[in-house]
There are 2 protein chains.
Amino acid sequence: MAVTIKDIARRANVSITTVSRVINDKHDVSKETKENIKKIIKEMGYRPNEVARGLVTKKTYIIGLLIPDLRNPFYPEMATGLDDLARREGYSVIYYNTRKNAKEEQKAIELFKKKQVDGVVISMCNKTVRKKFKKRNEDEFPIIEIASNLRRIVNPTINIDNVGSACKATRYLIRNGHSKIGHIIGKRNTQPARHTLFGFKKCLKKNNVKLNKDWIKQGDYSKESGYKKMKEILKEDEKPTAVFAANDLMALGCYKAIHEMGLKIPDDISIIGHDDIEYSTYIIPTLTSMYLSMYELGKKSGEMLLRKINDNSNDNPENIIIEPKLIERESVKNLSTL
Amino acid sequence: MAVTIKDIARRANVSITTVSRVINDKHDVSKETKENIKKIIKEMGYRPNEVARGLVTKKTYIIGLLIPDLRNPFYPEMATGLDDLARREGYSVIYYNTRKNAKEEQKAIELFKKKQVDGVVISMCNKTVRKKFKKRNEDEFPIIEIASNLRRIVNPTINIDNVGSACKATRYLIRNGHSKIGHIIGKRNTQPARHTLFGFKKCLKKNNVKLNKDWIKQGDYSKESGYKKMKEILKEDEKPTAVFAANDLMALGCYKAIHEMGLKIPDDISIIGHDDIEYSTYIIPTLTSMYLSMYELGKKSGEMLLRKINDNSNDNPENIIIEPKLIERESVKNLSTL
DNA sequence: GTGAAAGCGCTAACAT
DNA sequence: ATGTTAGCGCTTTCAC
C-alpha cells in the first residue's frame with residue numbers, strides 16, 4: 001500500500017488535519033511542525049491522493065479534450081498548445097479520440113462526466129451531438145467549443161473564419177490569373193466544410209468567375225481523399241488550372257495524384273491548401289496555404305476554459321474569431337504575367 | 001449539483017447499496033427493483049461518479065501515457081493504437097507530452113502517481129529518469145516500456161530492433177551499389193540512436209565499406225535537424241551517394257535540403273528513412289523506409305499493460321522485440337545496373 | 001433479496 | 001496553532 005496522510009500524521013504525532021494543512025500550504029501551522037512534517041513527507045515519499053482530494057474538493061484538475069482525429073497533425077498541434085497551458089496551471093488533459101464518429105463523441109462526453117473533469121474543450125463535427133450535449137449539460141461543466149460555427153453562441157467559442165479564409169484563398173488564385181478553379185471540400189455535414197464552400201462560391205461570383213461543378217469534389221480531410229478526388233478532377237475532359245484544397249492534408253494527396261499523372265505543380269496545375277501544417281514547408285514545391293496557428297488555438301481555448309472554470313460567471317460568453325492568413329509559397333503559378 | 005446514488009436510492013425507495021448493486025450488475029437483485037432503478041437512473045440522467053468509485057476500489061481505469069513529442073506523427077499514431085485498445089477495455093488514457101525534457105519526464109511520473117493511474121506506458125529518452133523511476137516504483141504501478149533498449153529487463157518491454165533494422169537499411173544501400181553512405185543519427189544520448197549507429201557501422205564493416213565520419217551527423221529526430229544536417233553533408237567536398245536518416249521526419253528534412261541545393265532524389269543522391277510514417281508515401285519521390293507499425297506498437301503495449309494490471313504476477317516480464325521491415329519505394333537508386 | 005454500517009483518503013467547518 | 005467531527009459518493013462486508 002502506498003503511504004497515506006494517516007501514516008504521515010502518525011509518524012509526526014499530529015492530526016491528519018495538520019498534515020493536510022501543510023500539504024495545502026495553509027498559513028496557520030507553526031514553523032517547526034511544518035518543517036518536521038515536510039521532512040517526513042519526503043522521507044516516506046508521500047504523495048497526496050488526487051482521487052480522494054478530488055472527491056471532497058470537487059475538482060479533479062483534469063481537462064477533457066475531444067479530438068476528432070489524432071492522426072491529423074492539426075490536432076496534436078492543438079493538443080500541444082492546450083497541454084502546455086494546462087500543465088502550467090496545474091491541470092492535466094485527458095483526451096478522447098473520436099475518429100469523427102458521432103457515437104464516440106457521445107461516449108466521450110459521458111466519460112468526461114463520469115470522470116468529473118473540470119472542463120472540456122471540444123471541436124466536434126456532429127451537429128446533433130453538439131446540440132444534445134449543450135442542452136443536457138447547460139451548466140454541468142464549462143465547455144469551450146472550437147470551430148463550431150454555430151449561429152447562436154451558447155458556450156464560449158473559438159471560431160475560424162472559414163468563409164473569409166476561403167474567400168482570401170480563392171481571390172488569390174483569381175488575382176494570379178486563374179479562372180478555372182476547382183475545390184476539394186471537407187465532409188459536407190460539417191459546418192466548416194459548408195462555410196468554406198460558401199466562401200469559395202461567393203468569391204467566384206463576386207469576381208465573375210464561372211463555377212464548374214465538376215471541379216468541386218467532396219473529401220474527408222484525409223490525404224487519401226485528397227488523392228482520390230484530385231484524380232477524379234484530372235480525369236475530367238476540361239481541367240482546372242488551380243485547385244483549392246480545404247486542408248493541407250488533402251493538398252498533400254493532390255500532390256501525389258498530380259505527380260502520378262505526370263503533371264507538375266505549379267506549371268501544369270496550381271494548388272492552394274488550408275491550415276498550413278508544418279509539413280507544408282517540407283514538401284516540394286512548398287505549399288501555399290492559409291495559416292492559422294493550431295498551437296495558439298489550443299492555448300487560447302485553454303485560457304478561456306480556465307477562466308470559465310475559475311470565474312463561473314456564465315454571462316456573456318467570449319467568442320473569438322480567428323482569421324487565417326495567406327502564406328505565399330511555391331505551389332501557385334501566376335498566369336497573368338504570361 | 002449532479003445527481004448522486006443517494007438521489008436514486010431515495011426516489012426508488014431502496015438503500016444506496018441496492019442501487020450500487022444494479023450499477024455494478026450484481027446478480028442478487030430482484031428483477032422488479034432492478035428495472036425500476038434502471039428506469040429512474042435513466043430518467044434522472046444519473047452517472048456514477050468515477051472519482052468516488054475509484055477511491056474505494058482503488059482503480060481509476062486511467063492509463064498514463066508518456067509522450068516524448070506529440071508533434072512527431074510517430075507518437076499520435078502510437079497513442080491511437082493504445083487509445084483504441086484501452087477504450088475497448090474500459091480504460092481512458094491521460095497523456096503527458098514531455099518534449100524529451102528530463103524534468104518533465106520526472107514530473108509526468110509524479111503526476112501519474114498522484115492521479116492514481118492504473119498503469120503507465122513510457123517511452124522515455126532519459127536514462128537517468130528511467131532508472132530512478134524503476135528503482136523507486138518497483139511495485140507501485142505496472143509499467144510498460146517502449147524502446148527502452150535496456151540490458152536488464154525489469155519491466156515488460158517492447159523493443160525495436162534498431163541494430164538489426166539499421167543493418168538492413170544499410171545493406172540495402174550497399175546492395176544497390178552504394179559505397180559512399182552517410183547517416184543522420186538521432187540524439188546520441190538515447191539508446192535507439194546508439195543502436196542505430198552501431199548497426200550502421202557494423203554493416204559497413206561487414207561489407208568492407210569505408211566509413212567516412214564527415215558524413216555522420218547528429219540530428220534530433222526533427223524535420224528541421226534533418227534539413228540542417230543534410231545541408232552540412234552536401235557542403236562536404238566529397239559527397240555521399242546515399243544517406244540513411246534515422247527517422248522519416250529527418251528524411252523529410254533531407255528532401256528539402258537536397259531540393260534547395262538543386263539536386264534530385266534519387267538521381268543525385270539516395271535517401272532511406274526509418275519508421276515509415278504515413279507521409280512517406282505522399283512525398284515525391286516516395287520514401288524507401290523501414291516499416292514498423294506504431295499503431296500496433298501502441299496496441300500491444302496496451303495489451304501487455306492490461307495483462308499486467310489484471311494479473312499482478314510480476315514474474316517473468318514479457319519482452320517483445322519488433323523487427324522493422326524494409327519497404328522499397330522510389331528514393332534509392334540502384335547504381336549497380338549502371 | 002435487501003439494508004446498515006464502515007471506510008476509501010482527504011478537506012473543511014467548528015472547536016479549543 | 002492544532003485537533004475533532006463530519007462528509008464527499010461510492011463499494012463492501014456482514015446481518016437479516
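Order of the sequence lines sets the chain letters (A, B, ...), proteins ahead of strands, with each chain counted from 1. It should be emphasised that the depicted structure is a prediction, and the values quoted were computed from it without experimental measurement. Quick note: numbers below take in every heavy atom, side chains included, and nothing from hydrogens, waters or symmetry partners.
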Round to a whole Å and report the spacing from [atom1] of [X] to [atom2] of [N].
{"X": "A:E50", "N": "C:dC8", "atom1": "CD", "atom2": "C1'", "answer": "16 Å"}
{"X": "B:D7", "N": "D:dG9", "atom1": "CG", "atom2": "P", "answer": "9 Å"}
{"X": "A:K115", "N": "D:dC10", "atom1": "NZ", "atom2": "P", "answer": "14 Å"}
{"X": "A:Y46", "N": "C:dG9", "atom1": "OH", "atom2": "C1'", "answer": "7 Å"}
{"X": "B:N24", "N": "D:dG9", "atom1": "CG", "atom2": "P", "answer": "17 Å"}
{"X": "A:I23", "N": "C:dG9", "atom1": "CD1", "atom2": "P", "answer": "13 Å"}
{"X": "B:D25", "N": "D:dC10", "atom1": "CG", "atom2": "P", "answer": "17 Å"}
{"X": "A:M44", "N": "C:dG9", "atom1": "CE", "atom2": "P", "answer": "13 Å"}

May I ask you to verify if any side-chain N or O of [X] is less than 4.0 angstrom from the OP1 or OP2 atom of [N]?
{"X": "A:R53", "N": "C:dT11", "result": "yes"}
{"X": "B:N49", "N": "D:dC8", "result": "no"}
{"X": "A:S20", "N": "C:dT11", "result": "yes"}

Q.
Strictly distance-based, threshold 3.5 Å: is any side-chain N or O of B:N49 a donor or acceptor partner for the main-chain N or O of B:A52?
A.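 The answer is yes, because a donor-acceptor pair under 3.5 Å joins these two groups.
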
Q | Backbone of A:H27 reached by a side-chain donor or acceptor of A:K34 within 3.5 Å | A |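 Checking the backbone N and O of A:H27 against the side chain of A:K34, no donor-acceptor pair under 3.5 Å is found.
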
Q) Angle, rounded to 10°, between the helical axes spanning five pairs at each terminus of the helix from C:dG1-D:dC16 to C:dT16-D:dA1? A)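 Nearest ten degrees gives 40° for this helix.
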
**Q.** Non-neighbouring partners of B:Y46 that pass ring-ring contact (aromatic ring centres under 6.0 Å, His included), sequence neighbours left out
**A.**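 Per chain and number, B:Y46 pairs via ring-ring contact (aromatic ring centres under 6.0 Å, His included) with no residue.
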
Q.
Taking OH in A:Y61 as the centre, count heavy atoms belonging to other residues, nucleotides or ligands within less than 6.0 Å. Is the count above 12?
A.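 Counting other residues, nucleotides and ligands, OH of A:Y61 stays at 12 neighbours or fewer.
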
[Y] versus [X], side-chain donor and acceptor atoms under 3.5 Å:
{"X": "A:T33", "Y": "A:S30", "value": "yes"}
{"X": "A:Y295", "Y": "A:D84", "value": "yes"}
{"X": "A:D220", "Y": "A:S222", "value": "yes"}

Q) Once the angle between the rings of B:Y96 and B:F112 is folded into 0 to 90°, is it parallel (under 30°), tilted (30 to 60°) or perpendicular (over 60°)? A)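 It falls in the perpendicular class, over 60°.
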
Q) Can you tell which of A:K113, A:K59, A:K308 makes a salt bridge (Lys or Arg N to Asp or Glu O under 4.0 Å) with A:D118? A)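 For A:D118, the salt bridge (Lys or Arg N to Asp or Glu O under 4.0 Å) test succeeds with only one of A:K113, A:K59, A:K308, which is A:K59.
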
Q | Heavy-atom protein contacts under 4.0 Å, nucleotides 2-7 of chain D, coded B base, S sugar-phosphate only, - none | A | BBB--B

Q | Options D:dT12, D:dG9, C:dC10, nucleotide nearest the side-chain atoms of B:K26 | A |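 Side chain of B:K26 sits closest to D:dT12.
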
